[in-house]
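Got a structure here, written out as structure tokens. Questions coming.
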Amino acid sequence: MKKTDLIAPETYNIVNEIEKYTTDESKEAIVFEDVEGTVQTITYSKLIKNANRVGNIFKNHGLKKGDKVLILMPRSIKTYEIYIAALKLGVIIIPSSEMLRTKDLQHRITHGEVDAVVAIDQCTVEFEGIKEFDDLTKFIVGSEQENWISINQEIQNASEELTVDETKRDDIAILSYTSGTTGLPKAVIHTHGWGFAHIQTAPKHWLSITEQDTVWATAAPGWQKWIWSPFLSILGSGAKAFVYNGKFNAAKYLDLLEKHQVNALCCTPTEYRLMAKLPNLSDYTLKDLHSAVSAGEPLNKEVIEQFQSNFNIKVRDGYGQTENTLLIAFLKDTESRPGAMGKAIPGSHVAVIDEDGEPITNGETGDIAVSLDSPSLFQGYFKDEERTEKSKRGNYYVTGDRAQLDKDGYFWFKGREDDVIISSGYTIGPFEVEDSLTKHPKVQECAVVASPDEIRGNIVKAFVILQNDITGDEELVKELQSYVKKDVAPYKYPRAIEFVTELPKTNSGKIRRIELREAEKQKYNK
Ligand code: ATP
Ligand code: MG
């Protein structure tokens with residue numbers, strides 16, 4: 001793919017990609033199932049009409065192009081309508097998760113200079129302590145509340161026709177906050193043109209979907225992953241999105257995949273891992289599924305093997321960040337290489353670079369980086385010139401993730417810069433050790449970090465959640481250690497193992513190794 005293929009026309013709005021599917025009045029956009037099992041379907045045509053109505057409500061209450069709206073909505077059809085409405089108007093969206101609390105919201109509202117909020121009724125209480133509360137224009141979805149404009153009520157009289165000011169390719173569309181895995185979330189600026197670049201790559205080449213497919217991407221609104229897959233990739237391809245608003249449960253997910261004849265699935269590695277560990281996995285056939293992808297964290301080999309042997313499906317990894325689009329992945333026709341993260345996406349201009357900003361060609365570990373002129377890249381961190389500049393090295397944006405690039409073009413993920421463990425002079429990526437431990441039948445989940453050590457500088461320490469009914473003791477520690485020693489280079493084995501019942505995670509479910517690492521340091525310094 002050429003770089004020019006990723007550049008949108010100058011006058012451009014990302015909703016164009018969805019609106020073009022409204023000509024066939026009966027074309028379905030979303031199938032939604034709630035926890036009670038009630039199923040609702042909406043067509044592209046109706047979705048846009050409803051979005052137009054919401055857009056008119058926004059307009060009637062003074063929202064205009066360039067204003068910022070924080071949207072705090074769960075997985076629902078209404079969420080799609082609200083996002084489309086704001087984007088059409090050129091109103092900048094700050095996606096937020098319903099799991100955010102007052103403190104998180106305060107940071108986004110003050111830092112993001114928010115003008116308006118949209119929230120479901122269960123979450124409005126979180127806004128009560130917000131400093132700017134009186135100055136915000138507040139829209140509520142669900143039951144009515146004082147000081148909040150009711151979308152449910154106003155929608156009945158709102159017009160289905162929406163007139164809008166034109167937006168440009170370089171106008172800001174979304175201000176996405178990162179997951180906060182390593183610190184305070186950062187606000188990433190994305191334009192309508194970035195959305196175009198994303199739609200040209202991920203849906204066709206990675207998710208591998210067409211208009212004929214029913215696609216389930218499980219990410220929840222509020223994370224960049226939701227913008228990527230459930231929103232832009234699926235609706236931007238004219239496919240049918242399946243949406244379920246219940247909590248994750250491995251058996252339930254597999255039931256739903258069969259019931260709704262899902263053709264393509266986009267899940268987190270943790271979701272795949274828990275499905276792969278189900279003892280009755282072979283009861284399912286998933287006969288309609290032709291594509292399965294994973295992103296957000298490293299994907300374990302165990303998952304790939306289980307899905308391959310049970311369903312004859314190759315779960316394909318994909319790597320990207322809030323700051324960019326998909327950069328590295330196994331596309332449908334990329335030859336398997338278990339343990340690798342995939343190859344550079346055509347047109348993504350990604351490389352592994354050294355400290356001088358030069359591409360590394362001898363297979364050594366370096367920083368994953370993206371050429372600064374790539375259309376897949378963000379415009380910078382909002383109100384943080386210093387951080388934006390710091391993320392650049394030579395002609396590249398530096399992701400903060402470490403990898404090796406082999407001679408065949410495969411990237412091997414080593415870990416986030418800060419997560420890499422240096423022990424007795426060896427550099428050890430936590431992921432390889434975690435991957436090995438996860439394969440052990442008694443292990444449910446684990447995280448591996450550096451723990452300070454007088455002699456070795458650091459040792460490799462694993463925090464392990466065991467499968468139900470298994471208790472950890474000294475003997476099991478030894479068993480796990482020798483298991484890893486046989487599987488990976490022996491110097492990488494975890495010299496310390498601690499059994500735990502949970503691991504610190506971000507709201508989006510990513511392991512926060514930083515917390516475990518800091519706790520180890522503190523224990524050591526005492
Ligand atoms: P923060 O930047 O706030 O600390 P975050 O980096 O987790 O949080 P995201 O932008 O949601 O926020 O996540 C991107 C990061 O997730 C990548 O930089 C990488 O570390 C990790 N990641 C994403 N996909 C993969 C993958 N396929 N394999 C390994 N790691 C991945
Ligand atoms: Mg990050």
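Owing to the predicted nature of the structure, the values given are computational and were not obtained by experimental measurement. Atoms within a ligand are numbered from 1 in the order they appear, just like the ligands themselves.
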Notebook entry, point to check: Going by the order shown, which atoms of ligand 1 are within less than 4.0 Å of some heavy atom of G318?
Noted result: 24 (N), 26 (C), 27 (N)
Notebook entry, point to check: Quick one: does Q224 get a heavy atom under 4.0 Å from ligand 1?
Noted result: no
Notebook entry, point to check: Does ligand 1 have an atom that lies less than 4.0 angstrom from a heavy atom of D401?
Noted result: yes
Next item on the list: Could you tell me whether Q321 approaches ligand 1 through its side chain, its backbone, both or neither, with non-hydrogen atoms closer than 4.0 Å?
Entry: both
Check: Looking at W206 versus F330, is the centre-to-centre ring distance below 6.0 Å?
Finding: no
Notebook entry, point to check: How far is atom 11 (O) of ligand 1 from its nearest protein heavy atom, and which residue and atom name does that atom have?
Noted result: S179 OG, 2.7 Å
Next item on the list: Report the nearest protein non-hydrogen atom to atom 26 (C) of ligand 1: residue, atom name, distance rounded to 0.1 Å.
Entry: E297 O, 3.4 Å
Margin query: Checking Y381 now: which residues fulfil ring-ring contact (aromatic ring centres under 6.0 Å, His included) with it, not counting sequence neighbours?
Written below: F378
Next item on the list: May I ask you to decide whether K461 forms a salt bridge with E498, counting only side-chain N to carboxylate O separations under 4.0 Å?
Entry: yes
Checklist line | atom 7 (O) of ligand 1: nearest protein contact (heavy atom, Å) | finding: T181 OG1, 2.4 Å
Note to self: Applying salt bridge (charged side-chain N to carboxylate O under 4.0 Å, His left out) to R517 and D419, what does each step give before you reach the verdict?
What the structure shows: CA-CA 9 Å; R517 202 167 52 231; D419 288 344; 2.6 Å; yes
Next item on the list: Kindly state whether the ring of H192 and the ring of Y12 have centres lying under 6.0 angstrom apart.
Entry: no
Check: Please, which pairs that meet salt bridge (Lys or Arg N to Asp or Glu O under 4.0 Å) have at least one residue in residues 317-346, sequence neighbours excluded?
Finding: R337-D406, R337-D408
Note to self: Return the closest protein heavy atom for atom 16 (O) of ligand 1 as residue, atom name and distance.
What the structure shows: K510 NZ, 3.0 Å
Note to self: I need the atoms of ligand 1 closer than 4.0 Å to a non-hydrogen atom of T322, numbered in the order shown.
What the structure shows: 9 (P), 10 (O), 11 (O)
Next item on the list: Would you check if there is a donor-acceptor pair between the side chains of Y319 and D401 at a distance under 3.5 Å?
Entry: yes
Notebook entry, point to check: Going by the atom numbers of ligand 1, which of them fall below 4.0 Å from some non-hydrogen atom of T182?
Noted result: 1 (P), 4 (O)
Note to self: If only side-chain N and O atoms count, and only distance matters, is there a donor-acceptor pair under 3.5 Å linking S374 with S371?
What the structure shows: no
Next item on the list: With heavy atoms under 4.0 Å as the rule, classify the contact between F413 and ligand 1 as side chain, backbone, both or neither.
Entry: side chain
Next item on the list: Indicate whether the side chain of Y396 and that of H349 have a donor and an acceptor atom separated by less than 3.5 Å.
Entry: no
Notebook entry, point to check: Closest non-hydrogen protein atom to atom 22 (N) of ligand 1, residue and atom name please, with distance?
Noted result: G296 O, 3.1 Å
Notebook entry, point to check: How does D317 reach ligand 1, by side chain, by backbone, by both or by neither, if only non-hydrogen atoms under 4.0 Å count?
Noted result: side chain
Check: Considering only heavy atoms of P298, which atoms of ligand 1 have at least one such atom less than 4.0 Å away?
Finding: 28 (N), 29 (C), 30 (N)
Next item on the list: Mark up the atoms of ligand 1 that fall under 4.0 Å of a heavy atom belonging to R416, in ascending order.
Entry: 5 (P), 6 (O), 7 (O), 15 (C), 16 (O), 20 (O), 21 (C)
Item checked: Distance from atom 2 (O) of ligand 1 to nearest protein heavy atom, with residue and atom -> K186 NZ, 2.9 Å
Item checked: L184 N/O under 3.5 Å from ligand 1 N/O -> no
Margin query: Closer than 4.0 angstrom, basic N to acidic O: yes or no for K68 and D115?
Written below: no
Checklist line | G320 to ligand 1, any heavy atom closer than 4.0 Å | finding: yes
Next item on the list: Please report the C-alpha distance between E432 and K492 in whole Å, then the side-chain angles of each, then the deciding distance to 0.1 Å, and finally whether the salt bridge (charged side-chain N to carboxylate O under 4.0 Å, His left out) criterion is met.
Entry: CA-CA 9 Å; E432 196 181 350; K492 298 179 182 172; 2.7 Å; yes
Checklist line | Heavy atom of G400, distance to ligand 1 below 4.0 Å | finding: no
Notebook entry, point to check: Does the side chain of E445 come under 3.5 Å of the side chain of T438 through a donor N or O and an acceptor N or O?
Noted result: no
Note to self: For M341, which part has a heavy atom under 4.0 Å from ligand 1: side chain, backbone, both, or neither?
What the structure shows: side chain
